Amino acid sequence: MNKKLLSASLMIALFAGSVQADAFYIGAGLGSSKIKIKEEDQSGDKDTAYTLSTGLSIPLPFIPVRGEVELSQFKSDDVKSQAVAANAYVGLPLLPIVKPYVGFGLADMRLKSGSDKTDWKVVPQYMVGLDVDLPLIPVAGGIEYRYIDTSFEDGGDKIDTKIQTVLVKGRIKF
């Protein structure tokens with residue numbers, strides 16, 4: 001695993017552990033993704049996206065914050081992206097039950113196309129979403145849009161890649 005991703009995961013875990021956690025959770029997401037490779041002017045049809053995550057909700061006054069570690073796979077035609085990420089989400093304090101949020105993550109990612117694979121690379125990812133979180137039940141859900149724009153090196157060639165996903169997500173809080 002990449003040392004930068006491990007460092008980012010440890011920083012999130014230390015920060016989350018230094019404050020009282022509101023809720024530990026496990027979650028999953030399912031949706032669609034589209035991967036576009038610029039050099040080849042290749043844009044795949046929309047296909048599937050999956051995520052599995054675990055994290056902590058941190059109770060700060062008026063602003064919900066979450067830190068999580070996530071496994072993801074995004075696919076578009078024959079191009080597939082696999083990643084392990086450390087993500088942080090900040091809620092926007094607008095409504096008590098429906099909570100918009102923004103997020104940022106660092107993902108250790110690689111691309112696969114047929115039998116070809118790129119090396120693992122740490123890339124940023126950006127998220128915006130809307131959670132529905134009822135305080136009396138241990139389940140939260142929502143919808144999220146994610147954007148990743150990065151370049152990979154493959155055999156000396158530069159592969160500029162854009163990945164966009166829309167996910168329906170759910171979390172079980174403990």
Side-chain angles (χ1 to χ4, degrees), residues 1-2 4-35 46-76 80-110 120 122-150 161-174:
M1 181 180 284
N2 190 301
K4 292 178 185 177
L5 178 65
L6 183 58
S7 297
S9 299
L10 288 174
M11 287 180 12
I12 288 174
L14 289 174
F15 173 73
S18 69
V19 297
Q20 180 183 357
D22 179 46
F24 168 76
Y25 65 87
I26 58 172
L30 176 64
S32 69
S33 61
K34 186 168 185 160
I35 300 174
K46 289 182 182 174
D47 208 330
T48 54
Y50 307 95
T51 63
L52 295 173
S53 59
T54 184
L56 290 172
S57 296
I58 303 165
L60 296 178
F62 306 108
I63 301 174
V65 175
R66 292 186 284 128
E68 73 179 26
V69 176
E70 174 188 70
L71 298 172
S72 65
Q73 179 173 297
F74 308 135
K75 188 173 182 235
S76 187
K80 185 178 358 178
S81 160
Q82 298 172 315
V84 176
N87 298 324
Y89 299 93
V90 177
L92 305 174
L94 300 175
L95 304 168
I97 295 172
V98 177
K99 300 174 182 173
Y101 63 85
V102 295
F104 173 81
L106 290 176
D108 196 8
M109 178 179 285
R110 75 174 175 186
W120 290 92
V122 175
V123 301
Q125 57 183 355
Y126 307 94
M127 293 81 74
V128 293
L130 191 66
D131 275 342
V132 177
D133 192 357
L134 301 171
L136 301 177
I137 62 172
V139 177
I143 189 163
E144 176 180 285
Y145 168 78
R146 184 174 301 199
Y147 178 76
I148 304 166
D149 186 358
T150 190
T161 307
K162 287 187 178 187
I163 302 172
Q164 298 181 63
T165 65
V166 175
L167 295 162
V168 175
K169 296 176 80 176
R171 296 188 306 277
I172 298 173
K173 301 179 281 184
F174 298 93

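All residue numbers in this chain count up from 1 along the given sequence. This is a predicted model, so every value here is computed, not measured.
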Enquirer: Sequence neighbours left out, what passes ring pair (Phe, Tyr, Trp, His ring centres under 6.0 Å) with Y89? Give chain and number order.
Expert: Y101

Enquirer: Measuring from atom CZ of R171 to atom OG of S53, what distance do you get when rounded to the nearest 0.5 angstrom?
Expert: 8.0 Å

Enquirer: Looking only at heavy atoms, which two atoms of L167 and A49 are closest? And how far apart?
Expert: CD2-CB, 3.7 Å

Enquirer: Output the distance between atom OG1 (T165) and atom CD1 (I148), rounded to the nearest 0.5 Å.
Expert: 6.5 Å

Enquirer: Kindly indicate whether the side chain of L30, heavy atoms from C-beta on, has any atom under 4.5 Å from the side chain of V168.
Expert: no

Enquirer: If you round to the nearest 0.5 Å, how far is CD of Q73 from CD of Q82?
Expert: 5.5 Å

Enquirer: side-chain contact (heavy atoms from CB on, under 4.5 Å) with Q164: which residues, sequence neighbours excluded?
Expert: Y145, Y147

Enquirer: Nearest heavy-atom pair of A28 and L52: which atoms, and what distance?
Expert: CB-CD2, 4.0 Å

Enquirer: Are any of the side-chain heavy atoms of N87 and Q125 separated by less than 4.5 Å?
Expert: yes

Enquirer: Does K75 offer a backbone N or O that forms a donor-acceptor pair with the side chain of S33 under 3.5 Å?
Expert: yes

Enquirer: Does the side chain of D149 come within less than 4.5 Å of Y126's, by heavy atoms?
Expert: no

Enquirer: Would you give the length of the straight line joining atom CD1 of I26 to atom CD1 of I172, rounded to the nearest 0.5 angstrom?
Expert: 5.0 Å

Enquirer: Side chains of F74 and T51, heavy atoms from C-beta outward: is any pair under 4.5 Å?
Expert: yes

Enquirer: Look up atom NZ in K80 and atom CD1 in I35, then write down how far apart they are to the nearest 0.5 Å.
Expert: 10.0 Å

Enquirer: List in chain and number order the residues that pass side-chain contact (heavy atoms from CB on, under 4.5 Å) with L71, two or more places apart in sequence or in another chain; answer none if no residue qualifies.
Expert: V84

Enquirer: Is any side-chain heavy atom of F104 closer than 4.5 Å to a side-chain heavy atom of V90?
Expert: no

Enquirer: For residues M127 and K169, determine if any side-chain heavy atom of one lies less than 4.5 Å from a side-chain heavy atom of the other.
Expert: no

Enquirer: Identify whether the distance between the nearest side-chain nitrogen and carboxylate oxygen of D133 and R66 falls below 4.0 Å.
Expert: no

Enquirer: Taking 4.0 angstrom as the limit, do E70 and R146 come out as a salt bridge?
Expert: yes

